[in-house]
S.K.: 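Attaching a single structure in structure tokens format; questions to follow.
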Amino acid sequence: MEIGAAHYYILGEVITCSLSILLIINILLTFSPYDKRQRLFLYSAVSTFLAAFFDIIAVFCTSYYTRLSLSFCTFISTVFFIFLMFTPFVITNYVTDIAYAHSKIKKIGFSISSLVYTFYLIVIFINLKTGIVFKYTAEEGYVRGPWKNITYILTAFYSCFIVFSMIKNRHLLAHRIFWVFTAYPFISLGFVVFQFFNPHIIMTGIASFASVSFAYMIVQSYLMEVDSLTGLRTEPKLRKRIAMQSKGGVLYVFSIDNINLIQSSLDVADLDRFFLGLGGVFNTQFPRNAYHISTNRFAAIGRSVKEVSEKSEIIRKYIEDLTSDLNSYIPIPVESYSAAIEFSGEENDYDSLIDLVNSILVKAKSSQLRKMQLCDESVLVERERKRYIYRILKRELELESEQFQVWFQPIYSIEKKHFTYMEALSRLQNTELGNISPSEFVYVAESRGLIERLGYVAFEKVCKYISENRNLVNAVSINFSVYQMTNQNLVQNVLSTIERFGLKTENIIMEITESIFIDNYDIVRENMKQLAKAGVKFYLDDFGTGYSNLANVVALPFSTIKMDRSLVLMMEENARGLNLFRNLVATFKDAGLTILVEGVETNNQNYLVESVGADYIQGFLYSRPLSPSDCLELLQKDQQSGK
């Protein structure tokens with residue numbers, strides 16, 4: 001049996017009120033005041049509830065007007081009409097916001113929908129005096145006026161506007177978004193048409209609620225797969241898409257190398273504009289096939305290498321234009337690299353493809369190649385080599401390993417005229433692949449999560465070497481990576497290892513590069529202070545290679561500054577370079593620091609280094625890195641010659 005008032009049936013409106021409340025609660029549970037589109041959904045849900053609620057009251061007013069004040073009945077119906085058109089107005093604005101990328105076109109769309117709703121409100125308020133839409137009389141009650149169909153006409157207008165926007169911009173929209181908002185007006189109009197021919201069955205609220213809830217559920221399920229920062233799909237969708245790509249395709253990956261600098265230099269609004277701009281150009285070039293897979297990486301799937309190459313050039317040109325635009329805010333370029341790889345329906349393992357792309361991007365970066373790079377045979381060979389090196393590292397990163405070794409480069413004291421200590425250098429020798437260079441295996445260790453283990457095994461080998469050769473080896477310096485220096489157990493690990501091998505803390509010198517401090521200053525400083533308090537010395541490595549902050553040198557417990565070879569070459573070039581080097585040395589020595597100069601290879605360089613007042617020299621002129629046994633032999637000769 002229908003719930004009704006007189007001969008009007010209002011069950012649909014009662015259900016709409018109940019379900020609208022549930023929809024509002026659901027939206028509020030995930031509500032963000034900064035999400036404009038979510039606010040629009042909230043407004044439409046609230047207006048749907050209010051329209052249905054006042055429609056129920058208006059039906060009772062219509063049915064029992066003889067028992068109520070005509071002014072009250074008119075007021076209730078007026079409020080109902082105000083909220084009746086608010087939902088189509090809000091949904092039209094929502095569609096305008098997602099369908100159009102250009103801000104000026106969006107403003108035009110918002111203006112058109114606002115003007116229509118404003119016109120409608122004016123008509124409703126004029127109706128209070130004229131009765132052109134409806135009026136109440138003592139004789140007939142609720143009477144429709146000559147403009148009684150204005151709500152149907154404007155609903156049709158909004159519906160046409162929504163469908164037009166969807167069709168016009170369908171190439172920029174996801175399939176689900178396109179179809180849900182293309183179907184939205186027809187769902188709403190279906191209920192309206194039904195009510196038009198059956199005026200006693202109230203379907204107004206149902207029409208709005210069915211459309212809004214349908215759109216909300218579809219859009220929300222889609223947004224779970226979309227990155228809000230760029231408007232692109234997320235990595236899980238890319239993984240799934242590649243797995244389902246039975247005909248294969250071309251995976252294209254675009255990487256921004258200096259994203260951290262860009263993020264730290266732009267304010268929130270400009271950063272949002274930056275990411276939205278990138279998302280927009282990717283969506284334009286690869287409709288429904290563009291993805292944001294990490295903070296600095298974008299990806300897309302193309303049909304052919306030729307197509308991807310052409311679109312990559314367009315994206316690269318956009319980046320150049322964007323860089324020019326950004327330079328009005330920050331004086332930095334956008335450093336980017338891109339790579340592509342073909343895959344078939346059978347060879348579509350996502351992780352393997354990304355691994356290959358990473359190799360190509362590393363190669364592009366090292367060679368400063370700005371154009372898109374394609375996967376070739378050399379990349380495949382290099383990947384297999386890195387996999388082999390990884391297996392070797394996993395097997396050999398042990399204290400007793402004979403393949404993972406620590407070699408030593410003695411360091412010469414200018415004052416004492418002999419070698420006083422040496423630097424430890426990791427080596428991977430006599431493997432199935434022969435001798436592997438440090439630059440190669442260290443990169444593999446970093447990229448595969450073995451770098452911290454490598455550092456600690458090298459440290460253990462150094463401690464063991466000192467322990468077994470106390471009569472010749474006084475102290476050894478060893479480089480500690482950012483991964484080790486930021487470990488919360490660093491202090492305990494270092495001190496317990498020193499104690500385990502029966503050493504003193506002054507036997508160990510920890511070398512660190514200043515780049516470690518860029519993102520980890522506080523934790524590294526605290527670890528350094530605790531270790532320095534225990535007696536461990538610290539050397540600042542590679543001073544002069546780029547990032548140098550004298551405040552860090554003064555504030556942190558360094559005992560020695562290692563001058564990079566680039567400064568030696570600068571000093572050798574002209575008198576200006578020599579004077580600058582001499583002033584640097586004097587400044588540091590005045591602060592109580594000792595100076596070690598590395599990379600000395602000629603007698604002239606040696607003469608200049610001694611003349612500026614350096615304390616220690618390290619370089620091929622005195623000794624190349626030596627195996628543990630060869631180093632002991634050199635130290636024995638040096639000790640005998642000094643007696």
S.K.: Which class fits the ring pair Phe543 and Phe588: parallel under 30°, tilted 30 to 60°, perpendicular over 60°?
M.R.: perpendicular
S.K.: Would you kindly say whether Asn604 and Thr602 are connected by a side-chain donor-acceptor distance under 3.5 Å?
M.R.: no
S.K.: Specify whether His292 and Phe275 have parallel, tilted or perpendicular ring planes, treating 30° as the upper limit for parallel and 60° as the lower limit for perpendicular.
M.R.: tilted
S.K.: Check for a donor-acceptor pair, side chain of Thr594 on one end and backbone N or O of Ser559 on the other, with a separation under 3.5 Å.
M.R.: yes
S.K.: Evaluate the criterion side-chain contact (heavy atoms from CB on, under 4.5 Å) for residue pair Asp541 and Asn479; output intermediate values, then yes/no.
M.R.: CA-CA 8 Å; Asp541 195 13; Asn479 191 277; 3.4 Å; yes
S.K.: I'd like to check Gln618 versus Val600 (side-chain heavy atoms, cut-off strictly below 4.5 Å). Are they in contact?
M.R.: no
S.K.: CD of Glu499: more than 12 outside heavy atoms within 6.0 angstrom?
M.R.: no
S.K.: CG/Leu425 to CD1/Ile478 distance, rounded to the nearest 0.5 angstrom?
M.R.: 9.0 Å
S.K.: Less than 4.5 Å apart, any side-chain heavy atom of Ile595 and any of Thr560?
M.R.: no
S.K.: Under the ring-ring contact (aromatic ring centres under 6.0 Å, His included) rule, what do Tyr291 and Phe286 come out as? Steps first, then yes or no, please.
M.R.: CA-CA 9 Å; Tyr291 306 84; Phe286 298 94; 9.7 Å; no
S.K.: Would you confirm whether Ser496, through its side chain, and Asn493, through its main-chain N or O, come within 3.5 Å as a donor-acceptor pair?
M.R.: yes
S.K.: Please round to the nearest 0.5 Å and tell me the distance separating atom CG of Leu540 and atom CG of Leu596.
M.R.: 11.5 Å
S.K.: If we ignore angles and hydrogens, is there a donor and acceptor under 3.5 Å between the side chains of Gln409 and Trp407?
M.R.: no
S.K.: Quick check against the 3.5 Å criterion: does Arg448 have a side-chain atom that pairs as donor or acceptor with the backbone of Ala445?
M.R.: no
S.K.: Taking Ser336 for its side chain and Ser255 for its backbone only, find out whether a donor-acceptor pair lies under 3.5 Å.
M.R.: no
S.K.: Ile509 and Ala475: which non-hydrogen atoms are nearest, and at how many Å?
M.R.: CD1-CB, 4.2 Å
S.K.: Just say parallel, tilted or perpendicular for the rings of Tyr465 and Phe408, cut-offs at 30° and 60°.
M.R.: parallel
S.K.: Can a donor-acceptor pair be found between the side chains of Ser627 and Asp630 at a distance below 3.5 Å?
M.R.: yes
S.K.: Can you tell me if Gln530 uses its side chain to pair, donor with acceptor, with the backbone of Asn527 under 3.5 Å?
M.R.: no
S.K.: Test salt bridge (Lys or Arg N to Asp or Glu O under 4.0 Å) on Glu307 and Lys311; report intermediate values, then the result.
M.R.: CA-CA 6 Å; Glu307 176 206 26; Lys311 292 183 175 181; 3.0 Å; yes
S.K.: Can you check whether Thr513's main-chain N or O pairs, donor with acceptor, with Asp542's side chain at less than 3.5 Å?
M.R.: no
S.K.: Do Glu423 and Ser477 meet the criterion of a side-chain donor-acceptor pair at a distance under 3.5 Å?
M.R.: no
S.K.: Counting only heavy atoms not in Lys306 (residues, nucleotides, ligands), do more than 12 fall under 6.0 Å from its NZ?
M.R.: no
S.K.: Do Ile256 and Glu335 come within less than 4.5 Å of each other through their side chains, counting heavy atoms only?
M.R.: no
S.K.: Quick one: does Asn296's side chain get under 4.5 Å of Asp257's, heavy atoms only?
M.R.: no
S.K.: Identify the two heavy atoms, one from Gly434 and one from Thr431, that lie closest to each other, and give their separation to 0.1 Å.
M.R.: O-OG1, 2.6 Å
S.K.: Is there a ring-ring contact (aromatic ring centres under 6.0 Å, His included) between Phe254 and Tyr337 once you walk through the steps?
M.R.: CA-CA 6 Å; Phe254 173 88; Tyr337 304 93; 9.3 Å; no
S.K.: So how far is it from Ile315 CD1 to Glu310 CD, rounded to the nearest 0.5 Å?
M.R.: 12.5 Å
S.K.: Distance only, no hydrogens: is a donor on one side chain within 3.5 Å (strictly under) of an acceptor on the other, for Gln405 and Lys461?
M.R.: no
S.K.: Check the angle between the aromatic planes of Tyr622 and Tyr412 and answer parallel, tilted or perpendicular using the 30° and 60° thresholds.
M.R.: parallel
S.K.: Looking at side-chain heavy atoms only, is the closest gap between Ile293 and Leu238 below 4.5 Å?
M.R.: yes
S.K.: On a heavy-atom basis, which atom in Ala340 and which in Ile360 lie closest, and how many Å separate them?
M.R.: O-CD1, 4.1 Å
S.K.: Do Ile392 and Ile436 have side-chain heavy atoms sitting under 4.5 Å apart?
M.R.: yes
S.K.: Determine whether Gln429 and Phe404 make a side-chain contact, defined as any pair of heavy atoms from C-beta on separated by less than 4.5 Å.
M.R.: no
S.K.: Is the side chain of Asn507 donor-acceptor paired with the backbone N or O of Asn474 at a distance under 3.5 Å, no angle test?
M.R.: yes
S.K.: Enter the distance from Phe441:CZ to Ile451:CD1 here, rounded to the nearest 0.5 Å.
M.R.: 8.5 Å
S.K.: Is it the case that atom CZ in Arg624 sees more than 12 heavy atoms from other parts of the structure closer than 6.0 Å?
M.R.: no
S.K.: Can you tell me how far CG of Leu356 sits from CG of Asp351, rounded to the nearest 0.5 angstrom?
M.R.: 11.5 Å
S.K.: Determine whether the side chains of Glu446 and Tyr483 contain a donor N or O and an acceptor N or O closer than 3.5 Å.
M.R.: no
S.K.: Please report the C-alpha distance between Arg500 and Glu460 in whole Å, then the side-chain angles of each, then the deciding distance to 0.1 Å, and finally whether the side-chain contact (heavy atoms from CB on, under 4.5 Å) criterion is met.
M.R.: CA-CA 10 Å; Arg500 177 155 49 93; Glu460 283 187 317; 2.8 Å; yes
S.K.: Kindly determine whether Met372 and Ser309 satisfy side-chain contact (heavy atoms from CB on, under 4.5 Å), including the steps that lead there.
M.R.: CA-CA 7 Å; Met372 186 190 80; Ser309 297; 3.3 Å; yes
S.K.: Taking the basic N atoms (NZ, or NE/NH1/NH2) and the acidic carboxylate oxygens, is any pair closer than 4.0 Å for Glu526 and Lys529?
M.R.: no
S.K.: Taking atom types as modelled, is there a side-chain donor on Arg576 or Asn579 under 3.5 Å from an acceptor on the other?
M.R.: no
S.K.: Working to the nearest 0.5 angstrom, can you tell me the gap between Leu531 CG and Lys537 NZ?
M.R.: 14.5 Å
S.K.: Between Leu232 and Gly279, what is the shortest heavy-atom contact and its length?
M.R.: CD2-O, 3.4 Å
S.K.: If we ignore hydrogens and angles and just use 3.5 Å, is the side chain of Ser623 paired with the main-chain N or O of Gly619 as donor and acceptor?
M.R.: no
S.K.: Please test Glu384 against Arg387 for salt bridge (Lys or Arg N to Asp or Glu O under 4.0 Å), starting from the C-alpha separation and ending with a verdict.
M.R.: CA-CA 5 Å; Glu384 284 306 310; Arg387 286 179 172 178; 3.2 Å; yes
S.K.: With side-chain contact (heavy atoms from CB on, under 4.5 Å) as the criterion, how do Ile259 and Phe274 come out once you've worked through the C-alpha distance, each side chain's angles and the decisive distance to 0.1 Å?
M.R.: CA-CA 11 Å; Ile259 191 67; Phe274 172 74; 4.1 Å; yes
S.K.: So, for Pro410 and Phe419, which heavy atoms are closest and what is the spacing to 0.1 Å?
M.R.: CB-CD2, 3.5 Å
S.K.: For Glu415, does the CD atom have more than 12 heavy-atom neighbours from other residues, nucleotides or ligands under 6.0 Å away?
M.R.: no
S.K.: Taking the side chain from Lys589 and the backbone from Gly613, do they hold a donor-acceptor pair closer than 3.5 Å?
M.R.: yes
S.K.: Any salt bridge linking Arg565 with Glu572? Criterion: basic side-chain nitrogen under 4.0 Å from a carboxylate oxygen.
M.R.: no
S.K.: Determine whether a donor-acceptor pair (N or O, by modelled atom type, separation under 3.5 Å) exists between the side chain of Asn430 and the backbone of Gln403.
M.R.: no
S.K.: Less than 4.5 Å apart, any side-chain heavy atom of Leu251 and any of Ile354?
M.R.: yes
S.K.: Might you point out which heavy atoms bring Gln605 and Gly599 nearest each other, and give the distance in Å?
M.R.: OE1-O, 3.7 Å
S.K.: Tell me whether the NZ or CZ atom of Arg385 lies within the 45° cone about the ring axis of Tyr388 and under 6.0 Å from its centre.
M.R.: no
